[in-house]
Amino acid sequence: MLIVAGPAGVRRADHGSSDDPAAHRRTLADLAARIGEPLTPATAGDLAIVAARQLDEYFAGTRTRFDVPLDLSGLPPFRREVLEAVTEIPFGHTVSYGELAEMAGRPAAHRAAASSCSHCPVSLLIPCHRVVHADGRVGGYGTRVDVKRWLLDFEQGRPERVNRRSSPARRARRG
């Protein structure tokens, strides 16, 4: 998992990226160019470390909500509103893209709400995996629908479908 934080909060949390260190360096260089600031490695008190601890607690089953500050300042206003609405979806529950659009104050904007989820820069910390199609289909999660299904099964307490040894977090750490 790649976590990038600045003074105002976590700017990026990406579990779908490559495990290749060179790919991480390219992602970091691209992000630094876009935000116009150099990026430095995290130290013990940094928000990236706090976010990593909270993610560990989530996967250990002891955390159901993240409270690390997020920096969504570079996003368009509607996308921010949608992602802020996503944070209100309780652990173990799902809403449809249409319900999410309604939560964000634009009931007819279900496609825009779906697009906002698919471009979320801080996945997991904003639980876009909790948003599904109205007919119950899981829907997309970038290119990682298997990860979305695993997260939903994990949160909905389906131990028969969740192998903790093959969790997305463990696979990322093994890289």
Side-chain angles (χ1 to χ4, degrees), residues 1-28 30-32 35 39-75 79-80 82-95 100 116-132 138-159 161-175:
M1 179 123 199
L2 174 66
I3 301 172
V4 178
V10 175
R11 294 180 173 185
R12 182 164 184 150
D14 184 4
H15 60 84
S17 65
S18 169
D19 289 335
D20 175 22
H24 282 285
R25 284 192 297 278
R26 285 189 300 273
T27 299
L28 289 170
D30 177 58
L31 184 60
I35 63 175
L39 299 173
T40 58
T43 57
D46 287 346
L47 290 175
I49 301 298
V50 173
R53 282 189 201 122
Q54 289 189 12
L55 286 163
D56 282 344
E57 292 166 359
Y58 169 83
F59 286 113
T62 60
R63 176 176 289 277
T64 60
R65 187 172 179 86
F66 300 104
D67 58 15
V68 65
L70 303 175
D71 182 357
L72 303 177
S73 60
L75 300 179
R79 185 164 288 167
R80 263 196 323 270
V82 167
L83 295 178
E84 287 167 1
V86 171
T87 64
E88 299 305 316
I89 304 168
F91 181 91
H93 293 83
T94 60
V95 301
L100 177 59
S116 295
C117 288
S118 71
H119 293 94
C120 180
V122 286
S123 48
L124 284 178
L125 298 173
I126 294 180
C128 289
H129 61 277
R130 296 177 187 158
V131 186
V132 298
V138 171
Y141 194 60
T143 59
R144 303 298 309 266
V145 176
D146 61 321
V147 172
K148 184 173 184 174
R149 169 58 37 210
W150 190 95
L151 290 166
L152 291 171
D153 288 342
F154 171 73
E155 287 191 8
Q156 293 169 357
R158 296 183 182 141
R161 296 176 65 175
V162 174
N163 177 349
R164 288 185 188 268
R165 284 185 277 163
S166 68
S167 76
R170 288 193 186 267
R171 284 195 306 263
R173 284 190 197 129
R174 282 192 300 228

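As the structure is a prediction and not an experimental result, all values here were calculated from the model.
When all heavy atoms of Ser73 and Arg80 are compared, the pair lying nearest together is O-NH1, 3.7 Å. For Gly92 against Gln156, the heavy-atom pair with the smallest separation is O-CG, 3.5 Å. Heavy atoms only, all atoms of each residue included: Val82 and Ser116 are closest at CG1-CB, 3.6 Å. Among all heavy-atom pairs drawn from Val10 and Ala51, the shortest one is CG2-CB, 3.9 Å. Shown here for Val86 and Cys117, the closest heavy-atom pair between the two residues is CG2-SG, 4.1 Å. Nearest heavy-atom pair across Leu47 and Gly9 is CD1-CA, 3.4 Å.
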message: Before you tell me yes or no, could you show the steps for Leu151 and Arg130 under side-chain contact (heavy atoms from CB on, under 4.5 Å), namely the whole-Å CA-CA distance, both residues' side-chain angles and the distance that decides it to 0.1 Å?
response: CA-CA 9 Å; Leu151 290 166; Arg130 296 177 187 158; over 6 Å; no
field: Full working for side-chain contact (heavy atoms from CB on, under 4.5 Å) between Ile3 and Leu125
entry: CA-CA 10 Å; Ile3 301 172; Leu125 298 173; 5.5 Å; no
message: For a side-chain contact (heavy atoms from CB on, under 4.5 Å) check, start with the C-alpha distance between Leu72 and Val122, then their side-chain angles and the critical distance, and finish with the verdict.
response: CA-CA 9 Å; Leu72 303 177; Val122 286; 4.1 Å; yes
message: Between Arg65 and Glu57, is the salt bridge (charged side-chain N to carboxylate O under 4.0 Å, His left out) condition met? List the steps.
response: CA-CA 10 Å; Arg65 187 172 179 86; Glu57 292 166 359; over 6 Å; no
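Relative orientation of the Phe91 and Phe154 rings is perpendicular, given thresholds of 30° and 60° on the angle between their planes. In this pair, Tyr58 and Phe66 present their aromatic rings tilted. The plane angle is within the 30 to 60° band.
For the atom pair CG (Asp56) and OG1 (Thr62), the distance works out to 9.0 Å, reported to the nearest 0.5 Å. For the atom pair Ile126 CD1 and Glu88 CD, the distance stands at 11.0 Å (nearest 0.5 Å). Atoms SG and NE2, from Cys120 and His129 in turn, are 11.0 Å apart once rounded to the nearest 0.5 Å. Annotation: the span from Cys128 atom SG to Ile89 atom CD1 amounts to 7.5 Å, rounded to 0.5 Å.
Of the possible polar contacts, one joining the Gln54 side chain to the Asp67 backbone as a donor-acceptor pair under 3.5 Å is found.
At least one side-chain heavy atom of Leu83 sits under 4.5 Å from a side-chain heavy atom of Pro121.
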